[in-house]
There are 2 protein chains.
Amino acid sequence: MNAAKSAPKRNTWQREAVREALGESDGFISAQSLFSTLRDGGSPIGLATVYRALSSLAVEGEADSLQSPDGESLYRACSSTSHHHHLICRNCGLTVEIEADPVEEWAQKVASANGFTQPQHVVDVFGLCRDCSATDRVVKAAD
Amino acid sequence: MNAAKSAPKRNTWQREAVREALGESDGFISAQSLFSTLRDGGSPIGLATVYRALSSLAVEGEADSLQSPDGESLYRACSSTSHHHHLICRNCGLTVEIEADPVEEWAQKVASANGFTQPQHVVDVFGLCRDCSATDRVVKAAD
DNA sequence: CGCCTTATTGATAATGATTGTCAAAACGAT
DNA sequence: ATCGTTTTGACAATCATTATCAATAAGGCG
C-alpha cells in the first residue's frame, strides 16, 4: 500500500504536554481526567486537542489504550512499542505490562481454525496486587 | 449485610421478548440494535426497557456482555454458564464461543508471578469471519 | 528575517449511547 | 376483582467523544 501518506506532523507544545502528563500518571487515565489535570496545572490546552493528541499517540504506539468497564477510553504511556498486555489491580489501579506470547499464538490459531482473518485481541488481566491482596479491605465489594 | 433483598422479579412479555430476541441473534448485539429489531418486528417495547432488560439478564448470567472497540455495550445469549470466551466477527457480528484453557493457565501464572491474586481476565478475539474475509466489501482497511 | 502554505488548535455545537424521572399500566397474590 | 408494588415507556438529562470552522502558529523557503 502507500508507504506513508504521513501528514507532515508538526511539533506543538500541546502534544508534548499531553505526552508528558501521560508519563506522569501511574496508571490508565481518561481523556477527561488528563484534560482536568493539565488545566489544573495551568495549561490552557483545549479538550478537543487532548482527545486528538491521545488518539494520535495511541495510533503511533506511544500510548496504550483500553476501555474501562464503563466504556470510557483510558490511556497510558507505553514503555515498549512492542505488542503487550496489562495486569491491572482492580483495587488500586497499579498496572504492570506483561507479555503474552502464548496468547498471541493461541489467538492466531483459534482465529484461523474458525476461518477468521485479521485477528485482533483484547487481553487484560485484572486482579488484586500484592499489597491489596494483603489488606483484605475490598473497595467495592464483589456483590 | 442483607442476604438478598432480591426484588420480587415479575414476568413481563417485554423481558421475554428481549430474551428471545437475544436468542435469535447470531452474535453480540447492541441494545440499540436489539431495540430496532424488536420494533421492526412490531413490538411496541420501549428503549429504556430494552436497556433495563439487557443489563438485568447480564447480571443474572443469562446473557454475556462485552464492549465493542467503540465502547458500545454488546449482549449475547449465554449458552453455557461455564467460563468461556468469544471469537467475534467485527463486520457481521458472527460469534463463536471458544475455550481458552491455555489462556486461563497463562493468566493465572502471570498474575501470581507478579503477586496478583484473584485474577479475572478479559479475553476476546475480534476478526473477520470466513464470509466477510471473502467478500472484501467493508474492511475499512487496516491502515 | 519575514512570508506563505497548511496543519493544528480550541470554543462550541452536534452526536450518540446510556441513565434518570415519574405518572400510568401491568403483575401476582389475596 | 382488588390492592400494593414493580415495571414500563416517553422524554429529558448526562456524559464522553467527534465534527465544525475560523483563527493561530509551525516550518520551509527565498
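Within every chain, numbering begins at 1; the chains are lettered A, B, ... in the order of the sequence lines, protein sequences first and strands thereafter. Keep in mind that what you see is a predicted model, and the values were worked out from it rather than measured.
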To the nearest Å, give me how far apart [atom1] ([X]) and [atom2] ([N]) are.
{"X": "A:Leu54", "N": "C:dT9", "atom1": "CG", "atom2": "C1'", "answer": "15 Å"}
{"X": "A:Tyr75", "N": "D:dT17", "atom1": "OH", "atom2": "C1'", "answer": "9 Å"}
{"X": "A:Gln67", "N": "C:dA17", "atom1": "CD", "atom2": "P", "answer": "14 Å"}
{"X": "A:Gln14", "N": "D:dA25", "atom1": "CD", "atom2": "C1'", "answer": "9 Å"}
{"X": "B:Phe35", "N": "C:dT19", "atom1": "CZ", "atom2": "P", "answer": "15 Å"}
{"X": "B:Lys9", "N": "C:dA29", "atom1": "NZ", "atom2": "P", "answer": "15 Å"}
{"X": "A:Tyr51", "N": "D:dA19", "atom1": "OH", "atom2": "C1'", "answer": "14 Å"}
{"X": "B:Glu72", "N": "C:dA17", "atom1": "CD", "atom2": "P", "answer": "6 Å"}

From the list [options], which nucleotide is the closest neighbour of the side chain of [X]?
{"X": "B:Ala31", "options": "C:dT18, C:dT8, D:dT17", "answer": "C:dT18"}
{"X": "A:Leu47", "options": "D:dT17, C:dG28, C:dA7", "answer": "D:dT17"}
{"X": "B:Thr49", "options": "D:dG9, D:dA19, C:dA26", "answer": "D:dG9"}
{"X": "B:Arg39", "options": "D:dT17, D:dT8, D:dA10", "answer": "D:dA10"}
{"X": "A:Arg10", "options": "D:dC11, C:dT9, C:dA7", "answer": "C:dA7"}
{"X": "A:Thr12", "options": "D:dT17, C:dT8, C:dA11", "answer": "C:dT8"}
{"X": "B:Arg15", "options": "D:dC11, C:dG10, D:dT7", "answer": "D:dT7"}

- Heavy-atom pair with the smallest gap, counting every atom of A:Ala17 and A:Leu38: O-CD2, 4.0 Å
- Note on the structure: Whichever of B:Ser30 and B:Asn11 has the more 5' nearest nucleotide on DNA chain C, that residue is B:Ser30
- Message: I'd like to know whether B:Tyr75 forms a side chain to side chain contact (heavy atoms under 4.5 Å, CB included) with B:Val50, so could you lay out the CA-CA distance, the side-chain angles of the two residues, the decisive distance to 0.1 Å, and finally the verdict.
- Response: CA-CA 11 Å; B:Tyr75 299 84; B:Val50 172; over 6 Å; no
- Message: Other residues, nucleotides and ligands only: do more than 12 of their heavy atoms fall within 6.0 Å of CD on A:Glu24?
- Response: yes
- Query: Are more than 12 heavy atoms from other residues, nucleotides or ligands located less than 6.0 Å from atom CD of A:Glu16?
  - Reply: yes
- Message: At less than 4.0 Å, is any side-chain N or O atom of B:Gln32 found next to OP1 or OP2 of C:dG16? Yes or no.
- Response: no
- Item | Under 4.0 angstrom between A:Ser73 side-chain N/O and D:dT17 OP1 or OP2 | yes
- Message: If the threshold is 4.0 Å, N to carboxylate O, is there a salt bridge linking B:Arg76 and B:Glu97?
- Response: yes
- Is a donor-acceptor contact shorter than 3.5 angstrom present between the side chain of A:Arg52 and the base of D:dT18? no
